[in-house]
Amino acid sequence: MSRTTVAQVLRASESPGMVTVKGWVRTKRDSKAFSFIEINDGSCLSNLQIVADATIEGYEESVPHLRTGASVSVEGEIVESQGKQQWEMQAKSVTMLGNSDEDYPLQKKGHSPEFLRSIAHLRPRTNLFGAVFRMRSRMAYAIHQFFQEQGFVYVHTPIITASDCEGAGEMFRVTNLDGKTLDTKPEEDFFGKPSYLTVSGQLEGETFACALSNIYTFGPTFRAENSHTSRHASEFWMIEPEMAFCDLDDDMALAEAMIKYLAADALEHCAEDLEFLNKFVDKGLKERLEFVKKRDFERISYTDAVELLLKSNKKFEYKVEYGLNLQSEHERYLTEEHFKCPVTVYNYPKDIKPFYMRRNDDNKTVAAMDLLVPGIGEIVGGSQREERLDVLRENLKHHDLTEEDYYWYVDLRRYGSVPHAGFGLGFERLLMFVTGVSNIRDVIPFPRTPGSAEF
RNA sequence: UCCUCAGUAGCUCAGCGGUAGAGCGGGUGGCUGUUAACCACUAGGUCGUUGGUUCGAACCCAACCUGAGGAGCCA
């Protein structure tokens, strides 16, 4: 008999009859003549309750010895439960596939996320991480769906790159040389020059947008920043769309539409997991997603945002002044206290932004935008790219970058240059937003942070 | 890199200068449908590490290690 998943059983409108289910024991309650065994197979949040009479086939050898975490195969009939769940299985035979040692670390009681991180190989067996990683999978699927439905082409930009200083943080060196040779003869390295793990696929993405019009990337990126916060990881996944024949307005519209689409998709396809997360992790989660799905986002220029912050009479630790970057506390004020909804801030001063962003006509600002969401802050950062050859050359010089290093990027402006724009969305930050989980280490299977690369 | 907080049983924590504790989890036994089941018994600890203060340190002090929160940087 083929295997039926717990999800298939529990979602049935009428009894599927005799089936075989396989999974891991979450809890077991024995009495003299029978046992209740709850198993979970990850197909959904809920467990299936199995009623095993002491007289059934395989009982003696397996059931009394089963500990939490053991794997079992059970054949039986799905019947209406006398208890609080709709369905349960009346077992006909039980087989223990593999028992669990006495020191199995997961209990029925709650564990701290810090402890669960130390057993990242077992934490997907908990309700919380099962829910989070089912949602991670669903959101990845929905992202592809969002772009593919609109004709975007998925591009795989390189993970190893030799283009230095992309302006997005410290890079990890990739090498097969020993330390000494690395210092003295870097030209003997594997690629003939220093190479690194990518911090962004944007520049390569632009080359494809200037050929296929609308593209997106979705892959891992690496930052060697020594950041110790709940919102930063050394390895994380990023989605970077890039659109030719587009300006900043189109770019902001796409970012907003995408966040809305993903909120709606989560509500529609992750209902049971969201219910759990809403109850145990973030009581305002579902309400927030409904709100994001329905309501239009706010937009405000950097200049107006600065003015608004100055007029707010709110005491900030860092000062607000035109020309300075908005601090975390300023961004939080805008999205959490003032607007109380996602906000896109656009047209930042050119001096605090990278070389590739398009200079506005005021000659003071660039066509950049950050999308801020309550609880997390910046979730999207994007811009219209500088498509004018002379201005780009000027910017390279201004940022102390050489045209030789970026000749291929400059070429895009020499051969049929077009206005184009794009953004980067941190996948883990999005997951924090849609799951309510407050630490980035708990939305990525095996987190890498400074000093920590276990598993 | 800077600032703050925390490390006591497998887990969650109490104890805060005078014999190391509880609940859960584990083991054994019991129990006519349980739902974080229940009842009884039981095993389990170099109190993060090193040094110092003291008659005496889990407790006070210092350094280090680990974890967490925040800042900066960003996604």
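Naming convention: chains lettered A, B, ... in sequence-line order (proteins, then strands); numbering from 1 in each chain.
Taking the six-membered ring for Trp and the full ring otherwise, the centers of A:F427 and A:F218 sit less than 6.0 Å from each other. Aromatic ring centres of A:Y302 and A:Y346 lie farther apart than the 6.0 Å criterion allows. Between A:H121 and A:F455, the distance separating the two ring centers is shorter than 6.0 angstrom.
Between A:Y348 atom OH and B:rC74 atom C1' the separation is 12 Å, expressed in whole Å. In this structure, CD of A:E102 is placed 12 Å from C1' of B:rU28, rounded to the nearest angstrom. Protein atom CG of A:L326 is 11 Å distant from nucleotide atom P of B:rG72, rounded to whole Å. Atom CG in A:D53 sits about 14 Å away from atom P in B:rU32, given to the nearest Å. The interatomic distance linking A:F36 (CZ) with B:rA37 (P) rounds to 12 Å, in whole Å. Atom pair A:E378:CD and B:rA71:P shows a separation of 14 Å (rounding to whole Å applied). Separating the CD1 atom of A:I352 from the C1' atom of B:rC74 is a distance of 13 Å, rounded to the nearest angstrom. A:R117 places its CZ atom 11 Å from the P atom of B:rG67, with the value rounded to the nearest Å.
Base contact: A:Q90 has a heavy atom under 4.0 Å from a base atom. Residue contacts for A:E88: at a heavy-atom cut-off of 4.0 Å it reaches a base atom on one of the strands shown. At the heavy-atom level, A:I379 lies under 4.0 Å from the strands shown only through sugar-phosphate atoms. In this structure, A:S230 reaches the sugar-phosphate backbone alone: every heavy-atom distance under 4.0 Å involves primed, P, OP1 or OP2 atoms, never a base. Among the atoms of the strands shown, none is found under 4.0 Å from any heavy atom of A:F427. Across all strands, A:Q49 comes closer than 4.0 Å to base atoms (heavy-atom distances). As judged by a 4.0 angstrom heavy-atom cut-off over every strand, A:R441 is placed among residues touching the sugar-phosphate backbone only. Base engagement by A:D30 is indicated by at least one non-hydrogen atom pair under 4.0 Å involving a base atom. A:Q85 comes within 4.0 angstrom of a base, heavy atoms only. Counting any heavy atom pair closer than 4.0 Å across all strands shown, A:S112 reaches sugar-phosphate atoms only and no base atom.
Between the A:K260 side chain and the A:R295 main chain, a donor and an acceptor come within less than 3.5 Å of each other. A:R231 places no side-chain N or O within 3.5 Å of a backbone atom of A:E378 that could act as its donor or acceptor partner. Remark: side-chain polar atoms of A:R123 are paired, donor with acceptor, to backbone N or O of A:P445 under 3.5 angstrom.
Within the 4.0 Å cut-off from OP1 or OP2 of B:rA37, at least one side-chain nitrogen or oxygen of A:T27 is found. Taking 4.0 angstrom as the limit, A:N325 places none of its side-chain polar atoms (N or O) nearer than this to OP1 or OP2 of B:rG72. For B:rC73, the OP1/OP2 oxygens have no side-chain nitrogen or oxygen of A:R231 closer than 4.0 Å. Between A:S328 and B:rG72 there is a side-chain polar atom (N or O) within less than 4.0 angstrom of OP1 or OP2. Taking only side-chain nitrogens and oxygens, A:N439 comes nearer than 4.0 Å to OP1 or OP2 of B:rG69. Of the side-chain N and O atoms in A:S227, none sit less than 4.0 angstrom from OP1 or OP2 of B:rC73. When the side-chain nitrogen and oxygen atoms of A:K32 are compared with OP1 and OP2 of B:rC31, one or more of them lie within a distance under 4.0 Å.
A donor and an acceptor atom sit less than 3.5 Å apart, one in the side chain of A:H232 and one in the base of B:rC74. With hydrogens and angles left out, the side chain of A:R29 and the base of B:rC31 share no donor-acceptor pair within 3.5 Å. Side-chain N/O atoms of A:Q82 and base N/O atoms of B:rG33 include a donor-acceptor pair closer than 3.5 Å.
Closest-nucleotide positions on RNA chain B for A:R429 and A:S438 were compared, and the one nearer the 5' end corresponds to A:S438. For the pair A:E329 and A:M238, nearest-nucleotide mapping onto RNA chain B gives the more 5' position to A:E329.
Separation of the C1' atoms belonging to B:rG15 and B:rC3 is 30 Å when rounded to the nearest angstrom. Taking atom P in both B:rU46 and B:rG29, one finds a spacing of 28 Å when rounded to whole Å.
The aromatic rings of A:F115 and A:H111 sit tilted, their planes meeting at an angle between 30° and 60°. Ring geometry for A:F147 versus A:F152: interplanar angle of 30 to 60°, hence tilted.
A:E272 is not listed as a side-chain neighbour of A:L274, based on a closest heavy-atom distance of 4.5 Å or more.
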Every protein N/O within reach of nucleotides 6-10 of chain B N/O, cut-off under 3.5 Å:
{"from": "B:rG10", "atom 1": "N2", "to": "A:Q107", "atom 2": "NE2", "distance (Å)": "2.3"}

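No side-chain donor-acceptor contact under 3.5 Å links A:T5 and A:D41.
Residue ring and nucleobase are stacked for A:F236 and B:rA75, with a centre distance beneath 5.5 angstrom and an angle between planes beneath 30°.
With a cut-off of 3.5 Å on both Watson-Crick or G-U wobble distances, the partner of B:rC73 is given as none.
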